[in-house]
Amino acid sequence: MAIAAAISLSLPPQARRSSASIAAPFRSTSSLHFDSLRSNFSSLKNPNLRVSASSMSIGTPEKISTTSFLDRRESGFLHFVKYHGLGNDFILVDNRDSTEPRVTPEQAVKLCDRNFGIGADGVIFAMPGVNGTDYTMRIFNSDGSEPEMCGNGVRCFARFIAELENLHGKQSFTMHTGAGLIVPEIQEDGKVKVDMGEPILKASDVPTKLPANKDQAAVKADINVDGVTWNVTCVSMGNPHCVTFGNRQSQNLTVDELNLAAIGPKFEHHEMFPARTNTEFVEVFSHEHLKMRVWERGAGATLACGTGACAVVVAAVLEGRAGRSCTVDLPGGPLDIEWKEEDNHVYMTGPAEVVFYGSVAV
């Protein structure tokens, strides 16, 4: 693939990490060393992901018209915008003219590769709405699988639509997802508040094979993972989550000490989760303050997971560990989560930011 990108010269640390496959060579904010770029990219071995430094251009997002950029329709090129929500990064594609994704799951895997592609946790498509909704969101994970929905992805999607439609100020619209109706609301400060709907607690609907032990839900249930008995609560936010605050050896986790790469896949592929699962490991600071690390189904360790943060607060309430309104610290930053008693809906509020604009041959 040949990539042409316009990249912000002043990126926050999370954005610089998430766009490392393209932005890493840029050591200076005042000059671009094409010789080093060419030597760096010429080492790429995948012929389907060939990057041409000579086709790259530099500019700040403020100086680029997103609409005019994405209105380009050159044959054989996919125009995209890369966003991140607390470091959970996505390639956003304007797919409003078709109900079929513009790239295949196999192509998405290549695009998401952080060494030989653009680098992302997933590819998100903005598609025509169905059943009366304004838009449809579909997503391919970095492994090519398709999740029902993604919380951080919803916030990025909302900001992407606002730019495409030239919307300003407080805005709200409806989205159809694999998890059902989602309603994001862009706030005056640019953050996005999302009505994530009602949590699903019935064990068989999460789904999990763990036996229900509290009103058809699996709450503080025992599960043996690699010889260790963990206490878990299973929640679906339209996608499955397994939330744990500790095990028999350590009732209160210190999440920074976990070897997530070792334990995460064992939860994800455990036989008790027929659709696999996202797994959140949680540390409780107070009744209103939690900290989590996540192993995402199909993406592995990520800097943030919006549906995971929602599931964590629901699980914390069910286990009597926290109140209904919490700040949840993730590796990429905090999210504000509220599980309202009056309507049983979970609300998530957090940021979404542009990283860069680009084009890729497909």
Side-chain angles (χ1 to χ4, degrees), residues 139 141 143 145-153 177-180 182 196-251 253 255 258 260-284 290 292-302 305-322 324 328 330 337 339 344-346 348:
I139 177 172
N141 283 326
D143 70 350
S145 61
E146 182 172 2
E148 298 85 352
M149 192 261 291
C150 170
N152 287 315
T177 73
I182 299 292
M196 302 291 285
E198 297 186 56
I200 297 168
L201 302 178
K202 185 178 179 181
S204 59
D205 292 341
V206 171
T208 179
K209 294 180 181 179
L210 289 170
N213 56 11
K214 183 179 181 180
D215 298 328
Q216 297 187 307
V219 178
K220 294 186 74 173
D222 288 347
I223 184 172
N224 187 287
V225 180
D226 202 27
V228 177
T229 300
W230 294 77
N231 304 122
V232 302
T233 293
C234 297
V235 178
S236 172
M237 292 303 307
N239 54 355
H241 293 270
C242 171
V243 181
T244 180
F245 297 86
N247 53 52
R248 286 186 181 175
Q249 286 74 32
S250 178
Q251 292 295 317
L253 290 178
V255 294
L258 288 171
L260 198 59
I263 191 66
K266 294 174 182 177
F267 273 90
E268 178 184 357
H269 297 280
H270 198 283
E271 63 182 358
M272 289 293 103
F273 304 110
R276 296 190 293 164
T277 190
N278 303 281
T279 309
E280 288 77 33
F281 301 87
V282 191
E283 184 173 350
V284 179
L290 309 172
M292 64 172 268
R293 292 178 68 193
V294 59
W295 182 268
E296 289 198 51
R297 179 187 60 166
T302 63
C305 177
T307 55
C310 295
V312 160
V313 172
V314 171
V317 171
L318 292 175
E319 294 193 20
R321 298 176 183 269
R324 287 179 171 264
V328 181
L330 302 100
I337 309 295
W339 184 18
N344 199 39
H345 284 218
V346 181
M348 169 190 65

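In this structure, Pro265 and Trp295 approach most closely via the heavy-atom pair CG-CZ2, 3.4 Å. The minimum heavy-atom distance linking Val346 with Pro199 is given by the pair CG2-CD, 3.9 Å. Taking every heavy atom of both residues into account, Thr307 and Gly151 meet most closely at CG2-N, 3.5 Å.
Without hydrogens or angle criteria, Thr177 side chain to Ala179 main chain gives a donor-acceptor distance under 3.5 Å. Judged by distance alone, the side chain of Thr208 and the main-chain N or O of Met272 form a donor-acceptor pair under 3.5 Å. For the pair Arg297 (side chain) and Asn278 (backbone), a donor-acceptor distance under 3.5 Å is absent. Without hydrogens or angle criteria, Arg248 side chain to Thr229 main chain gives no donor-acceptor distance under 3.5 Å. In terms of modelled atom types and a separation under 3.5 Å, the side chain of Asn239 and the main chain of Met149 share a donor-acceptor contact. Under the 3.5 Å distance criterion, the side-chain polar atoms of Glu198 are left unmatched by any main-chain donor or acceptor of Asn344.
Here Lys202 pairs with nothing under the salt bridge (Lys or Arg N to Asp or Glu O under 4.0 Å) rule; sequence neighbours left out. Listed by chain and residue number, Arg138 satisfy the salt bridge (Lys or Arg N to Asp or Glu O under 4.0 Å) test with Glu146 (two or more places apart in sequence, or in another chain). Annotation: salt bridge (Lys or Arg N to Asp or Glu O under 4.0 Å) contacts of Asp143 (sequence neighbours excluded): Arg276. In this structure, Asp215 has no salt bridge (Lys or Arg N to Asp or Glu O under 4.0 Å) partners at least two apart in sequence or on a different chain. With sequence neighbours left out, the ring-ring contact (aromatic ring centres under 6.0 Å, His included) criterion links Trp230 to Phe267, Phe281.
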Pair His241-Glu280, side-chain contact (heavy atoms from CB on, under 4.5 Å): steps then yes or no
CA-CA 7 Å; His241 293 270; Glu280 288 77 33; 2.9 Å; yes
So Val282 and Thr244, side-chain contact (heavy atoms from CB on, under 4.5 Å) or not? Walk me through it.
CA-CA 6 Å; Val282 191; Thr244 180; over 6 Å; no
Only distances under 3.5 Å count here; give the side-chain donor-acceptor pairs of residues 310-319 to other protein atoms, sequence neighbours excluded, each with its distance to 0.1 Å.
{"from": "Glu319", "atom 1": "OE1", "to": "Arg321", "atom 2": "NE", "distance (Å)": "2.7"}
{"from": "Glu319", "atom 1": "OE1", "to": "Arg321", "atom 2": "NH2", "distance (Å)": "3.3"}
{"from": "Glu319", "atom 1": "OE2", "to": "Thr233", "atom 2": "OG1", "distance (Å)": "2.6"}

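Neither side chain, Asn231 nor Asn247, offers a donor N or O lying under 3.5 Å from an acceptor on the other.
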